[in-house]
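Only one structure is covered here, and it is reproduced in the block below.
Remember, it's 1-based here, ligands and their atoms both numbered in the order they're listed.
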Amino acid sequence: MLFFQQQGRFLSELARSVEDGSLLLLRDAWMRSDDAILNRIQRNWVERSPAELWQAATVELQRLRSFVGVRMTASHAIEVPDQTDASTWIASQFENLRNSFDEEINQCVDEPDLGVTKTAWLGRRSGLVSLVTETQLKRATSELKPIIGRELNKLRAHVESQIEERGAAMESGAEESALARDRIDLSLPGVHRPIGSHHLIRQVFQEIEDIFVSIGFSVVEGPEIETPYYNFEALNIPEFHPVRDDMDTFYLELPKGAATPLLLRTHTSPMQIRTMEKRKPPVRVIVPGKVYRRDNPDATHSFAFHQIEGLAVDTDITFCDFTGTIEYFVKQFFGPSVKTRFRPSYFPFTEPSVEFDVSCPFCGGTGTAASGGTCSKCKGAAWIELFGAGMVDPAVYGFVNYDAKKVSGFAFGIGIDRLAMLKYGIDDIQVFFQNDVRFLRQFP
Ligand code: DAH
């Protein structure tokens, strides 16, 4: 219904003209003169429409013409020609109206169309039924009145029932097509939901776990909230020992009278104790996990970070087993060409204690970058400090009821964040915790 605004405009002008008796003026304005509205629509719109629209526009204008024509005719009193049977004549007039209605309703393709047609026929002010009531029924002679009244009632009944029927059909048709739209097509590929990937820290954990599992270690995990006994004392760090200074850390606020203070573990080493308490030698475990320290965040510090603890205890473990195991791990992790070395160090729970270094994997242990300048990773030192380790201090065995005369073993504690930064060339530890997908996506 391209011109339905024109229909509306015509209907309201028609209603006004019926009221003030200016039907002739209306007819001229719409259909008679060259300048009449329908002719202007023909010249200005239809004839100027682009080729592909021309035919449709012509059909629409024809509909508008008959719409206007039917109503102009209906707005005149019925005159029965001489020598004609009034009933037959009137019936034929109404038959024409009924055909016009059928034509109009057949052109309705959707509910808005139907609404326009309903107003055009049943509208209280400008609907055709009201129009005929005003112009034909009310003005008819007393002989014709009952005939017109009967025919008009038949027409109204027809119009009402048709509009209702079509409306119901459209509604169920709409439901049907909505149903068809919503029906699930199992042959369609489906919605792809990206599942993301492991965080780089998790990936490095996995890599290290795989290496150690392949040589007989098993993976255990422990609580992040610890007692000072496991975090310190049983690791041979008595109260007031100076190494507690840099582990002076997050204690939990507990109710008065709590059995023991609690703190966020400052390292994964407490799991050495918990494991040996539960297992008899041989023990070979690694412990990945989160640890917490009161550090101010900067490019190399975070109050939460990650470690992997390692512990191997048996009756015949030597320092050679220890360094051999570490060397194996480091070569697996950084590549076969790296070398390892260890330097004396100090940890309360190992004796002797060492610090392991790896030959700088970036400059091939030369300290000189490929460009000729100083290697930026090892700062020219050719070695990179990796992690602390050592042979388990016999004092520790005392806390877990191992016989220090019969068993020996080694332990190590690897800082995962630092290792990941080294291996993947990351210069700020904070990116691990910011969860910026632009960073995370670089490690699928
Ligand atoms: N727990 C130590 C720390 O967090 C790291 C460590 C060093 C763990 C030596 C060990 C070890 O098991 O033997 O600084």
Side-chain angles (χ1 to χ4, degrees), residues 205 208-209 212 217-224 226-238 241-250 263-277 283-295 300-314 317-319 321-327 329-330 340-358 385-397 399-400 402 404 407-419 429:
F205 268 147
I208 297 173
E209 286 168 23
F212 280 104
F217 283 72
S218 58
V219 181
V220 295
E221 287 182 77
E224 288 175 22
E226 269 296 6
T227 63
Y229 176 78
Y230 286 108
N231 199 73
F232 298 125
E233 272 102 69
L235 286 163
N236 204 25
I237 312 173
H241 191 291
V243 304
R244 283 208 192 188
D245 285 356
D246 63 336
M247 298 200 188
D248 186 14
T249 191
F250 302 114
L263 76 158
L264 298 183
R265 67 179 176 194
T266 60
H267 49 181
T268 42
S269 305
M271 275 307 286
Q272 290 188 29
I273 306 303
R274 289 183 179 277
T275 306
M276 288 189 284
E277 274 181 351
V283 167
R284 281 193 296 271
V285 292
I286 52 168
V287 188
K290 283 199 197 73
V291 300
Y292 303 85
R293 281 185 208 179
R294 219 212 71 221
D295 271 334
T300 53
H301 292 87
S302 166
F303 59 84
F305 55 103
H306 305 84
Q307 290 187 335
I308 284 190
E309 192 77 13
L311 175 71
V313 181
D314 206 343
I317 290 185
T318 66
F319 198 86
D321 297 321
F322 167 46
T323 53
T325 304
I326 300 298
E327 193 174 314
F329 160 68
V330 172
T340 55
R341 75 174 185 189
F342 57 84
R343 297 169 286 120
S345 185
Y346 172 76
F347 300 100
F349 38 90
T350 44
E351 182 60 36
S353 301
V354 302
E355 202 71 53
F356 261 94
D357 295 345
V358 60
E385 193 180 311
L386 273 191
F387 53 84
M391 299 301 287
V392 177
D393 191 311
V396 172
Y397 296 131
F399 288 95
V400 295
Y402 277 17
V407 297
S408 59
F410 61 86
F412 53 90
I414 307 173
I416 300 305
D417 309 76
R418 217 177 89 76
L419 215 62
I429 193 174

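Those atoms of ligand 1 that come under 4.0 Å of a heavy atom in G390, given as number and element, are 13 (O). Ligand 1 places these atoms under 4.0 Å from at least one heavy atom of A389: 9 (C), 11 (C), 13 (O). Each of the following atoms of ligand 1 lies closer than 4.0 Å to a heavy atom of F347: 7 (C), 9 (C). Counting atoms of ligand 1 from 1 in the listed order, those under 4.0 Å from a heavy atom of Q272 are 12 (O). Atoms of ligand 1 lying under 4.0 Å from any heavy atom of Q307, numbered from 1 in the order shown and given with element: 3 (C), 4 (O).
Scanning the protein heavy atoms around atom 5 (C) of ligand 1, the nearest turns out to be G413 CA, 4.1 Å. The closest protein non-hydrogen atom to atom 12 (O) of ligand 1 is E309 OE2, 2.6 Å. The nearest heavy-atom contact from the protein to atom 4 (O) of ligand 1 is R293 NH2, 2.7 Å. The nearest protein atom to atom 11 (C) of ligand 1, hydrogens excluded, is given as F349 CE1, 3.5 Å; this is a heavy-atom distance.
The shortest N or O to N or O distance between T266 and ligand 1 is not below 3.5 Å. Residue T350 has no nitrogen or oxygen atom sitting less than 3.5 Å from a nitrogen or oxygen atom of ligand 1, judged on distance alone. Checking only distances, A411 does come within under 3.5 Å of ligand 1, N or O to N or O.
With a heavy-atom cut-off of 4.0 Å, S269 touches ligand 1 through its side chain alone. If you look at F387 next to ligand 1, there are no close heavy atoms at all, none under 4.0 Å. No part of E355 comes within 4.0 Å of ligand 1, judged by heavy-atom distances.
Side-chain atoms of D417 come within 3.5 Å of backbone atoms of H306 as a donor-acceptor pair (strictly under, hydrogens ignored). Between the side chain of N231 and the backbone N or O of T266 there is at least one donor-acceptor pair closer than 3.5 Å. Under a 3.5 Å cut-off, the side chain of S408 and the backbone N or O of I317 do form a donor-acceptor pair. In this structure, R274 contributes its side chain and E221 its backbone to no donor-acceptor pair below 3.5 Å.
Taking the ring centroids of F329 and F356, they lie at or beyond the 6.0 Å cut-off.
Among residues two or more places apart in sequence or in another chain, the salt bridge (Lys or Arg N to Asp or Glu O under 4.0 Å) test is passed with E209 by R202.
Tested against P270 for a side chain to side chain contact (heavy atoms under 4.5 Å, CB included), the candidates L235, V287, T227, V291 yield a single pass: L235.
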>> Go through it in stages, so that I can follow the logic: the residues are T268 and I308, the test is side-chain contact (heavy atoms from CB on, under 4.5 Å), and I'd like the CA-CA distance, side-chain angles, deciding distance and then a yes or no.
In response: CA-CA 7 Å; T268 42; I308 284 190; over 6 Å; no
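In this structure, F322 and A411 approach most closely via the heavy-atom pair CE1-O, 4.1 Å.
Around atom CZ of R294, no more than 12 heavy atoms belonging to other residues, nucleotides or ligands sit under 6.0 Å away.
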